[in-house]
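In what follows, every heavy atom counts, from backbone to side chain, and hydrogens, waters and symmetry copies are set aside.
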Amino acid sequence: MKPVIVVHGGAGRIFKEREEGSRAGVVRAALRGYGILKQGGSALDAVEEAVRSMEDDPHFNAGCGSVLNEKGEVEMDAIIMDGKTLDSGAVSAVKCIANPIKLARLVMEKTKHMLLTDRGAHLFAQAMGIPETPGEKLITERSRERWKKNLEPDSNPEEFQKDLGTVGAVAIDSEGNVACATSTGGLSNKLIGRVGDTACIGLSPEMAADTALDYMKTRVGGLGGVIVVNNSGEWAARFSTKQMSWATVKDDQLHYGIYAGERHTKSVDEALTFESEGF
């Protein structure tokens, strides 16, 4: 079985000045995950590494790029799932942790539970030896400015949600096992303790993705994005929003883009060279 990984950096609006950073971020995440797969690693390890890469990238609403809640704090959700066993682990409303996806995997592997939240997740992280990251280190200037703007009497918080999203990855490894992982900072100026759908379990890949997006639009009038990989290694990255940063690697070929119809292709060797030179 030839391994495949697909990642996305969130569906929505991506401001022009952030496009290159978003492209580079999803490419970097896809290459890191694919590197694990190429060495015979598991799909589970690959998606965790890919999402961890995006949590460490301030261009994305996850980890150190997360938006702030109503009190100006970072609260994050994450989930990981092993398609081989159907085991999953998730955390919600977690603070002061650089990589919630790592904690979610520990919930899956070290407890009998599927989801830990807030204080319970914090205590579990301490028990597992996860380093505590000061909350201020997870706050970017952009997130702080957005938070302040939303506090103004005439602000429209809904407008600021259009360029936010959840980062995610799906992969299939050489053994044919599938795994997925997602992580997010949620909604800007959300209520304390708000938990989104990221931490909740929820045809050809193209048809499956398009069907899901069509249903979302007709049923609730919503827009979004979907990444899919099936057990044959076929993949899709689809979105109904204006933009979504995405990247995939299959057969040592990297494909990536942001706009509908945009698809750049490079060999993995060429892409790794570009990454080492900072794109």
Side-chain angles (χ1 to χ4, degrees), residues 1-11 23-54 79-89 101 104-105 108 166-183 201-215 224-240 244-275:
M1 183 77 206
K2 292 183 178 179
V4 183
I5 187 166
V6 191
V7 309
H8 77 84
R23 281 195 189 92
V26 291
V27 165
R28 184 179 304 111
L31 290 173
R32 289 183 179 177
Y34 188 69
I36 289 173
L37 295 173
K38 281 287 285 183
Q39 295 172 10
S42 70
L44 200 62
D45 288 341
V47 295
E48 179 186 356
E49 179 58 31
V51 168
R52 188 196 313 236
S53 175
M54 290 184 282
I79 188 171
I80 192 167
M81 185 170 186
D82 185 349
K84 181 179 180 180
T85 62
L86 298 185
D87 289 337
S88 63
I101 197 63
R105 182 166 181 179
M108 178 179 73
T166 300
V167 305
V170 292
I172 184 168
D173 59 33
S174 58
E175 299 296 321
N177 299 318
V178 178
C180 66
T182 60
S183 183
I201 294 292
L203 296 175
S204 73
E206 291 87 353
M207 291 180 64
D210 289 342
T211 298
L213 291 171
D214 288 344
Y215 183 78
V226 181
I227 55 174
V228 184
V229 65
N230 67 13
N231 59 7
S232 299
E234 299 171 314
W235 64 273
R238 299 285 228 242
F239 50 98
S240 53
M244 181 180 83
S245 55
W246 63 272
T248 183
V249 185
K250 180 180 180 179
D251 294 330
D252 288 333
Q253 292 293 306
L254 167 73
H255 310 277
Y256 62 97
I258 285 183
Y259 290 95
E262 177 190 358
R263 182 165 167 172
H264 304 286
T265 302
K266 285 187 175 80
S267 70
V268 167
D269 288 342
E270 182 184 2
L272 287 171
T273 299
F274 271 90
E275 186 194 5

With rounding to the nearest 0.5 Å, note down the distance linking [atom1] in [X] to [atom2] in [Y].
X	Y	atom1	atom2	answer
Ile79	Cys180	CD1	SG	7.0 Å
Met244	Tyr259	CE	OH	14.5 Å
Lys38	Leu31	NZ	CG	12.5 Å
Leu37	Glu49	CG	CD	11.0 Å
Ile101	Glu48	CD1	CD	7.0 Å
Ile36	Ser42	CD1	OG	7.5 Å

Test log, rule side-chain contact (heavy atoms from CB on, under 4.5 Å), inputs Ser267 and Gln253: CA-CA 5 Å; Ser267 70; Gln253 292 293 306; 3.9 Å; yes

Quick one, [X] and [Y] - any side-chain contact, counting heavy atoms below 4.5 Å?
X	Y	answer
Met108	Leu44	yes
His8	Ser245	no
Glu262	Arg23	yes
Val26	Met54	yes

Taking all non-hydrogen atoms of both residues into account, name the closest pair between [X] and [Y] and its distance.
X	Y	answer
Ala179	Val47	O-CG1, 3.5 Å
Ser53	Arg32	OG-NH1, 3.5 Å
Val229	Ile172	CG2-CG2, 3.9 Å
Ala11	Gly225	CB-N, 3.5 Å
Ile5	Thr248	O-OG1, 2.6 Å
His255	Trp246	O-CZ3, 3.4 Å

Any donor-acceptor pair under 3.5 Å from Asp173 side chain to Ala43 backbone: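 Between the backbone of Ala43 and the side chain of Asp173 there is a qualifying donor-acceptor contact (under 3.5 Å).
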
Backbone N/O of Gly233 and side chain of Lys250: donor-acceptor pair under 3.5 Å: yes

Salt-bridge present (Asp82, Arg105; N to O < 4.0 Å):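 A salt bridge is absent here (no side-chain N lies under 4.0 Å from a carboxylate O).
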
Geometric class of the Tyr256/His264 ring pair [parallel <30°, tilted 30-60°, perpendicular >60°]: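 Geometry flag for Tyr256 against His264: tilted rings.
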
Side chain to side chain contact (heavy atoms under 4.5 Å, CB included), paired with Thr182, selected from Thr166, Val51, Ile227, Val167: Thr166

